Each structure stands twice: as C-alpha cells, then as structure tokens.
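I have placed the structure first, in the form of structure tokens, so that the comments after it can refer back to it.
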Amino acid sequence: MFMKPRLKRSFFNRSTLDVARELLGQRLVKLESNGTRVSGRICETEAYIGMKDDGCHAKSGLTHRNRSMWGQAGTAYVYFTYGMHWMLNLVTESDGFPAAVLLRGIIPQEGIELIAQRRATQPTDHWTDGPAKLCQALLIHGEYDGLDLCHPQANLFVEQDDKIADEFVTIGPRVGLNRVEEPWKSKPWRFQAPVELFVDRGGRDNDATER
DNA sequence: AGCACGATTAACT
DNA sequence: GTTAATCGTGCTC
C-alpha cells in the first residue's frame, strides 16, 4: 500500500471557501504513538472567515482562546465548548488573517478498531458524523491547538485523496449559529458530500464479500 | 466577581 | 421534538 502525499501549506493558504470545498474527499490522518494510522475522508466542512464574520470566533478580536486562527495556514485551531466537547479547525489564508475551516464530519477509513473502542456507545453510522464526534474518534484535544499540520513530522495531517465532483457537493448555511446576526447566519459556507460516495465498491480483494 | 451562553451530543418523551 | 450535561470564555457590573 503506497502512501499519498500530505497536503502542503499552499493548499491551505488560499480563500477559506476554496479550502473548505476542496477538503471534501481528502483524508484526515492521526498517527498514534505506536504508529497506528487512524483516518477518515472529510465529508463535511464549514468556513469561518475573519473578524467581520459574526459567526467566527475571531469577531471578538485576538484572545488566548482563538489565537491559533491568526497563525499560518495549515495550523490546527482546536477549542473546547459546551463544557465537554473539542472541535478541530484547519487555519487558512495568509498569516495574520484569522480564518479557518471547521471539520464537521469524516468517513472512517483506517484504525476502525480504535474508532470502535472510542465510540463504543454509538452505532457505526454515528462514529464520526459531527465535529466533536470526530475529535473523540481521533483523540484530538487541546494539546493539538496550534499544531502545524504541514510540519513533516506532525502526527496529525491531511493526506491527498480523490476529489469530490461538483455535482455531488451540497452547499448551504452553517449550522449551530443560533444567536448570530444576518447576513452571517445565512451565508452558504457549509460544504457536504453524501456518505454513499465513500462506500468501498470493492474491485480488488473484496469482490467476494460484496453483493 | 458574577453571569449567560456556546461552531454539540446523547438520551429521553 | 425536547433537554440535561458541564465549564471556559467573554462581557457586564
């Protein structure tokens, strides 16, 4: 099994909307300390863009909590919310401009046994279909805030994988922004790819197990 | 110093 | 569809 290249900083150092769209289909990988790969293909993202965006944490200016958003593209912005949940964002655009893409869902690919353990109380379909759920599955927490995913030795990164064609991408408003004002509340900055697109159609060793 | 609330999840009626 | 869980953060007094 050959390894695909990791996404470079030039991928993240672009318009946040482009990055959010293009991340669909790409593979989020966590390398555990024993070398085990736990990964999934990204199927849902949201863009948060600058201090004017009322839905973006950067709206309140630079604080201890949100400082990672001002970092260079490819930096992780991991924050804690609701007293119990961690969320993973990937910082975009130029160094000094606060913007990031929230990863809201992945389709499990590798390390399934570990994911099953970490998400043991929930059915397969709901292992990684939410921003806090995927952080549970990959054990991503505050120590990852500020991590450079483009550093050659980072144990968390995004690997190149097959793109998702435009015809399959659903674009709509971001979710969970209850008290956010218009026009920000309704900006179509959420990108989704359907789960069916990621099912393994076999073709290699598992033809016999299909059908 | 106090307080309202959150880029959510899981359990429950 | 409704709601408890659970606490750091940012804003007001």
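Atom set for the values below is all heavy atoms of this structure, side chains included, hydrogens, waters and symmetry mates excluded. Naming convention: chains lettered A, B, ... in sequence-line order (proteins, then strands); numbering from 1 in each chain. Note that this is a predicted model, so its numbers are computed, not measured.
Nucleotide dG10(C) holds its C1' atom 16 Å from the CZ atom of Arg67(A), rounded to whole Å. As a whole-Å value, the separation of Tyr77(A) OH from dA7(B) P is 9 Å. Straight-line distance from the CZ atom of Phe191(A) to the C1' atom of dA7(B): 15 Å, rounded to whole Å. Note: CD (Gln122(A)) to C1' (dT8(B)) measures 13 Å, nearest angstrom. Remark: C1' of dT9(C) and CE of Met84(A) are 15 Å apart, rounded to the nearest angstrom. In this structure, Trp86(A) atom CH2 and dA7(B) atom P are separated by 15 Å, rounded to whole Å. Look at NZ on Lys187(A): it is 19 Å from P on dA7(B), rounded to the nearest Å. Put simply, NE2 on His57(A) is 16 Å from P on dG8(C), counting in whole angstrom units.
Between Arg179(A) and the phosphate of dA4(B), there is no side-chain N or O to OP1/OP2 separation shorter than 4.0 Å. Applying the 4.0 Å criterion to OP1 and OP2 of dT8(B), one finds that Thr81(A) has every side-chain N and O outside that range.
Here Leu102(A) lies in heavy-atom contact (under 4.0 Å) with a base. Within the nucleic acid shown, Gly55(A) comes within 4.0 Å of at least one base atom, counting heavy atoms only. Counting any heavy atom pair closer than 4.0 Å across all strands shown, Asn89(A) reaches a base atom.
Ring centroids of Phe80(A) and His85(A) are separated by 6.0 Å or more, keeping the two rings apart.
Heavy-atom distances to DNA chain B give each of Phe80(A) and Arg119(A) a nearest nucleotide, and the one nearer the 5′ end belongs to Phe80(A). Position along DNA chain B of the nearest nucleotide to Lys133(A) versus Tyr79(A) favours Tyr79(A) as the more 5'-ward residue.
With P as the reference atom, dC5(B) and dT3(C) are 16 Å apart, rounded to whole Å.
In a base pair of the Watson-Crick type (N1 to N3 plus N6-O4 or O6-N4) or a G-U wobble (N1-O2 and O6-N3), with each distance short of 3.5 Å, dT6(C) is matched with no nucleotide.
Between the side-chain ring of Tyr82(A) and the base of dA5(C), no stacking contact exists by the 5.5 Å and 30° definition.
With Tyr48(A) as the aromatic partner, Arg174(A) meets the cation-pi criteria of under 6.0 angstrom to the ring centre and within 45 degrees of the ring axis. Stacking of Arg14(A) on the aromatic ring of Phe11(A) is recorded, both the 6.0 Å distance cut-off and the 45° axial limit being met. Cation-pi geometry between Arg6(A) and Phe157(A) is satisfied (NZ or CZ under 6.0 Å from the ring centre, within 45° of the ring normal).
On a pure distance criterion of 3.5 Å, no polar donor-acceptor pair joins the side chain of His126(A) and the base of dA10(B).
The main-chain N or O of Arg37(A) is never found under 3.5 Å from a side-chain atom of Lys30(A) such that the two would form a donor-acceptor pair.
Listed nucleotides: dA7(B), dT9(B), dG10(C). Nearest to the side chain of Cys56(A): dA7(B).
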